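What you see is a predicted model, and the numbers here were worked out from it, not measured in a lab.
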Amino acid sequence: MLRRVRSSPLGKHLILAGSSGLYGASESIPALTEDVDVLIDADWAAKEERHLLKEMKQLGFEHQAATSTFLGEDGISLDLVGYSRQDSGDRIGGGREVPIMVFGDLSKILSAPGSTVELSTQGRALAPAALTAVKLLTIRLEKGSKDKLQGLLLIAENATNENYLTDLLRLLKLFDSDRIEDAVSDAQAACLAVSGDVVRADAQASGYGDMSQAINHGLDILKHLVSSGEEQP
Amino acid sequence: MSQRFLTTAERWRRYQRDLDAYRRRSLFRRSHSRFRRDLAILPHVFLLPGKARIAPLCETEETVRLALRGKAVWTLDTATRIVSGFGFLVSPDLQGYMSIGDLEWAEDAGLISEPGSSGLSIDPLYRRPPVLIAHLEEDIPNLELPSGDRVVPWDFLARDVMGTLGWRPDLLTRLEATYPAALTAFHQLS
């Protein structure tokens with residue numbers, strides 16, 4: 001389905017993100033859900049709403065009224081998540097038929113160079129460092145810890161990749177220190193929750209134990225990275 | 001049952017609710033003056049799977065502790081009880097780092113039952129017999145007290161507290177007020 005969307009005329013306007021963005025950033029970290037989040041320039045979507053609806057219909061997606069959700073014939077849902085090149089605030093953007101939530105954090109990250117990568121299978125996705133920053137900064141009560149854990153796993157997976165770490169620090173520095181402190185603190189809380197789960201799990205959960213250690217490793221690197229960033233001008 | 005997707009307006013309201021909750025959480029964190037400082041602490045997971053073992057005590061807590069004196073490096077509640085005279089957990093357990101050889105020795109000596117690896121918690125929600133929780137690691141920073149007991153230094157205790165109980169600012173403040181000073185006093189005595 002993703003390939004179909006990416007190779008369509010809409011492909012160049014959509015950026016694979018959310019958990020499904022992991023398809024573009026990691027071969028080992030599972031996306032956990034099959035729902036697909038794609039980022040879209042909400043100002044473009046407002047201007048080209050008729051075109052957007054027509055193309056999505058041709059691709060076999062049924063628009064759900066008053067939402068930014070499209071339901072595929074195979075039951076998979078595709079959510080449009082907004083960013084803007086014009087401002088970096090949170091708001092509802094998009095058009096009258098397809099209202100889209102626009103996130104200031106995403107707008108900031110996507111305005112930075114190198115925040116997206118071309119996929120070998122066509123289309124674009126958030127670059128690994130950008131996806132990590134988004135995951136660490138995501139604010140939502142339900143499932144919020146999942147975002148932090150995926151962020152930490154991405155850090156652990158790229159622990160020896162200097163370019164990735166430099167990019168991640170550069171992106172995090174786009175935000176106020178309060179946001180970064182809260183992000184690190186949230187990541188730590190999620191990490192410790194997993195550690196608690198693991199010690200109460202039985203021997204069958206050995207894979208979970210390995211994941212927990214990778215998360216701990218990711219948290220250590222994140223803390224070192226943020227500390228080093230505070231020392232830099 | 002038909003699937004109903006949240007409208008964008010509903011999502012927006014939910015996001016605003018989440019933002020409010022995050023603001024409150026952030027304010028709560030910052031109400032503790034130590035928040036920024038503690039962010040630099042790297043949590044050490046004392047109950048690390050594969051490394052931690054739990055064994056019910058067959059003798060009194062004091063007997064087991066004295067028998068393992070010089071062998072174990074005590075941490076968490078046990079270390080704070082030894083160093084400052086009072087602990088922070090209700091469950092009368094022992095928590096320490098030691099070698100697998102010393103753990104086996106304690107079992108052979110009849111001090112503990114057979115160690116297991118599941119059901120680990122230092123703050124159980126149910127009453128259980130006292131246990132020894134051993135983290136099988138020998139290369140742990142430690143200080144030897146005049147009594148011969150070995151305990152983790154303050155910075156490592158903070159890492160263990162963080163990695164085992166999460167961020168507990170009140171507890172860390174209380175421990176910081178007593179543990180390092182008591183260690184210094186022991187050092188001056190010796």
Side-chain angles (χ1 to χ4, degrees), chain A residues 64-71 75 77 79-82 90-94 98-103 138-142 144 177-182 184-186 188-189 191-203 205-206 208-210 212-213 216 219-220 223-224 226-227 230, chain B residues 2-30 32 35-54 116-124 133 135 159 161-168:
Chain A
Q64 308 298 300
T67 74
S68 59
T69 303
F70 292 81
L71 194 58
S77 64
D79 275 326
L80 299 180
V81 181
D90 291 339
R91 59 184 165 88
I92 295 180
V98 190
I100 301 171
M101 274 177 65
V102 183
F103 293 94
T138 293
I139 289 177
R140 59 175 175 170
L141 293 184
E142 284 113 20
S177 60
D178 282 9
R179 289 292 313 279
I180 303 308
E181 286 164 2
D182 280 323
V184 173
S185 196
D186 286 341
Q188 178 164 294
C191 170
L192 294 172
V194 168
S195 300
D197 285 350
V198 170
V199 296
R200 290 171 186 84
D202 59 20
S206 58
Y208 201 54
D210 293 342
S212 174
Q213 293 198 32
N216 290 339
L219 179 65
D220 283 0
K223 288 201 168 203
H224 281 302
V226 170
S227 301
E230 285 166 358
Chain B
S2 67
Q3 193 176 8
R4 183 186 169 273
F5 294 93
L6 290 178
T7 66
T8 302
E10 287 168 335
R11 286 187 182 201
W12 178 257
R13 284 196 292 275
R14 184 175 285 197
Y15 179 56
Q16 296 307 310
R17 177 204 66 180
D18 289 0
L19 280 178
D20 283 345
Y22 263 68
R23 275 189 209 107
R24 284 195 296 274
R25 187 190 294 179
S26 183
L27 278 175
F28 170 77
R29 286 171 177 154
R30 284 169 176 73
H32 295 279
F35 168 67
R36 269 201 183 87
R37 195 156 50 96
D38 287 350
L39 266 189
I41 298 174
L42 295 177
H44 186 259
V45 184
F46 177 70
L47 298 173
L48 192 67
K51 284 277 192 180
R53 298 280 188 280
I54 187 168
S117 59
S118 63
L120 290 182
S121 169
I122 68 162
D123 51 349
I133 304 178
H135 183 117
R159 293 186 61 193
V161 168
M162 189 88 100
T164 310
L165 295 169
W167 184 53
R168 299 283 295 273

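- The two atoms that bring L48(B) and Q213(A) nearest to each other are CD1-CG, 4.3 Å, heavy atoms only.
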Item to complete: Output, in order, the C-alpha distance, side-chain angles, deciding distance and verdict of side-chain contact (heavy atoms from CB on, under 4.5 Å) for L39(B) and V226(A).
Response: CA-CA 10 Å; L39(B) 266 189; V226(A) 170; over 6 Å; no

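- In terms of heavy-atom pairs under 4.5 angstrom with chain B, the leader among D90(A), L219(A), V98(A) is D90(A).
- In this structure, the portion of Q188(A) lying under 4.5 Å from any heavy atom of chain B is its side chain and not its backbone.
- Judged by distance alone, the side chain of T67(A) and the main-chain N or O of F5(B) form no donor-acceptor pair under 3.5 Å.
- Contact annotation for S227(A): neither backbone nor side-chain heavy atoms come within less than 4.5 Å of a heavy atom of chain B.
- Between D178(A) and R29(B), no side-chain nitrogen of the basic residue sits less than 4.0 Å from a carboxylate oxygen of the acidic one, so the salt-bridge criterion is not met.
- Rounded to the nearest 0.5 angstrom, L42(B) CG and N216(A) CG are separated by 10.5 Å.
- Atom CD1 of residue I92(A) and atom OG1 of residue T7(B) lie 8.0 Å apart, to the nearest 0.5 angstrom.
- Side-chain contact between F35(B) and S185(A): present, with at least one pair of heavy atoms (C-beta onward) separated by less than 4.5 Å.
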Discussion item. I'd like to know whether D79(A) forms a side-chain contact (heavy atoms from CB on, under 4.5 Å) with R11(B), so could you lay out the CA-CA distance, the side-chain angles of the two residues, the decisive distance to 0.1 Å, and finally the verdict.
Written reply: CA-CA 12 Å; D79(A) 275 326; R11(B) 286 187 182 201; 3.2 Å; yes

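- Side-chain contact of Y22(B) with D182(A): a donor-acceptor pair under 3.5 Å is absent, judged by distance alone.
- In this structure, CD on E142(A) lies 4.5 Å from CZ on R17(B), to the nearest 0.5 angstrom.
- Residues P43(B) and K223(A) form a side-chain contact, since some pair of their non-hydrogen atoms from C-beta on lies under 4.5 Å apart.
- Ranking R30(B), M162(B), R25(B) against chain A, the residue ahead of the rest is R30(B), based on heavy-atom pairs under 4.5 Å.
- With a 4.5 Å cut-off on non-hydrogen atoms, L165(B) does not touch chain A at all.
- Once rounded to the nearest 0.5 Å, the distance linking OG1 of T138(A) with CG of D18(B) reads 11.0 Å.
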